[in-house]
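Along the sequence shown, the residues carry numbers beginning at 1.
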Amino acid sequence: MPFYARRIAAAAAALALLATPTLAADIAKSPVGVWQTEQGDARFRVSLCGDGKQLCAKLTWLRQDVRSAENLRYLNKYVVQGAMPVQVNKWRGTVSYNGETLSGSVTLAGDVMSLQGCKGIFCQSMSFQRL
């Protein structure tokens with residue numbers, strides 16, 4: 001093996017070793033737990049479901065001022081079901097919102113989780129903080 005090829009191979013191996021802890025740390029982040037909307041008006045319990053890699057979220061609490069008939073029908077029900085992992089800290093699945101089932105994604109960045117649901121070109125986004 002020529003000298004430059006050995007240096008490139010050694011550099012690539014060193015980069016791989018340096019990248020491994022970062023990747024492992026990213027994978028270790030778990031969305032499991034209790035999350036609250038940015039406004040503090042709703043809380044959700046996120047769990048792993050299906051084969052243990054899928055993501056589900058249940059609406060578990062609503063602040064008194066947002067307890068409408070429309071919102072109460074989602075209380076103690078799964079609003080995200082069977083979202084499949086598509087990359088590190090990102091899942092895709094279905095989101096139940098406003099009486100409809102939408103295509104959605106969940107993205108985790110530290111203690112902030114973002115949910116986006118779309119039907120056609122119309123999308124709704126929400127952010128959550130870990131409690």
Side-chain angles (χ1 to χ4, degrees):
M1 179 183 285
F3 176 73
Y4 65 89
R6 283 185 293 199
R7 290 189 71 178
I8 291 172
L15 284 174
L17 287 174
L18 289 174
T20 302
T22 302
L23 182 59
D26 284 344
I27 290 172
K29 293 178 185 172
S30 172
V32 172
V34 178
W35 296 81
Q36 180 171 277
T37 59
E38 288 180 320
Q39 301 80 11
D41 57 1
R43 293 181 185 157
F44 299 82
R45 178 166 303 282
V46 175
S47 60
L48 296 177
C49 55
D51 62 2
K53 296 177 186 172
Q54 297 173 18
L55 200 64
C56 291
K58 181 188 283 191
L59 176 62
T60 59
W61 178 84
L62 288 167
R63 196 172 59 203
Q64 195 63 35
D65 63 324
V66 296
R67 289 180 167 251
S68 66
E70 181 180 321
N71 289 339
L72 285 170
R73 70 180 170 175
Y74 295 106
L75 191 58
N76 296 314
K77 301 229 168 59
Y78 284 98
V79 293
V80 175
Q81 298 181 38
M84 300 292 291
V86 292
Q87 62 188 54
V88 174
N89 296 325
K90 186 162 187 169
W91 297 261
R92 289 198 190 280
T94 60
V95 178
S96 297
Y97 179 75
N98 204 18
E100 298 187 57
T101 299
L102 312 171
S103 170
S105 65
V106 175
T107 305
L108 180 62
D111 285 336
V112 176
M113 183 170 57
S114 301
L115 173 79
Q116 182 178 39
C118 297
K119 184 170 184 174
I121 60 170
F122 300 103
C123 296
Q124 176 88 20
S125 296
M126 297 177 77
S127 290
F128 305 86
Q129 294 289 328
R130 188 185 299 269
L131 293 181

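Between atom CG of residue Leu108 and atom CG of residue Leu115 there is a gap of 12.5 Å, rounded to the nearest 0.5 Å. Distance check, rounded to the nearest 0.5 Å: OG of Ser47 to NZ of Lys58 gives 8.0 Å. From Leu55, atom CG reaches atom CE of Met84 across 11.0 Å, with rounding to the nearest 0.5 Å. Here the CE-OG distance, from Met126 to Ser114, works out to 11.0 Å after rounding to the nearest 0.5 Å. The CD atom of Gln36 sits 13.5 Å away from atom CZ of Arg130, with the distance rounded to the nearest 0.5 Å. For the atom pair CG of Asn71 and CG of Leu59, the computed distance is 8.0 Å after rounding to the nearest 0.5 Å.
With a 4.5 Å cut-off on side-chain heavy atoms, Gln129 and Val112 count as touching.
Legend: ring-ring contact (aromatic ring centres under 6.0 Å, His included) pairs involving residues 104-129, not counting sequence neighbours, sorted by first then second residue: Phe44-Phe128.
Linking ILVMFWY residues whenever their side-chain heavy atoms come closer than 4.5 Å, directly or via other members, leaves Val34 and Val106 in distinct clusters. Criterion: ILVMFWY side-chain heavy atoms under 4.5 Å apart, direct or through other members. Under it, Leu48 and Tyr78 are not part of a common hydrophobic cluster. The same ILVMFWY cluster, assembled from side-chain heavy atoms under 4.5 Å apart, contains both Leu72 and Val79. Linking Ile, Leu, Val, Met, Phe, Trp and Tyr whenever their side-chain heavy atoms come within less than 4.5 Å puts Met113 and Val32 in one cluster.
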Go through the steps to decide whether Leu102 and Thr94 satisfy the test side chain to side chain contact (heavy atoms under 4.5 Å, CB included), and finish with yes or no. CA-CA 6 Å; Leu102 312 171; Thr94 60; over 6 Å; no
Test salt bridge (Lys or Arg N to Asp or Glu O under 4.0 Å) on Lys53 and Asp51; report intermediate values, then the result. CA-CA 6 Å; Lys53 296 177 186 172; Asp51 62 2; 5.3 Å; no
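Of the possible donor and acceptor atoms, one in the side chain of Trp35 sits under 3.5 Å from a partner among the backbone N and O of Pro31. A donor-acceptor pair is defined here as one N or O able to donate and one able to accept, closer than 3.5 Å; such a pair exists between the side chain of Arg63 and the backbone of Gln39. The main-chain N or O of Asn76 is never found under 3.5 Å from a side-chain atom of Thr60 such that the two would form a donor-acceptor pair. Formation of a donor-acceptor pair under 3.5 Å by the Arg67 side chain with backbone atoms of Leu62 is found in this model.
Shown here are the side-chain contact (heavy atoms from CB on, under 4.5 Å) partners of Thr107, two or more places apart in sequence or in another chain: Lys90.
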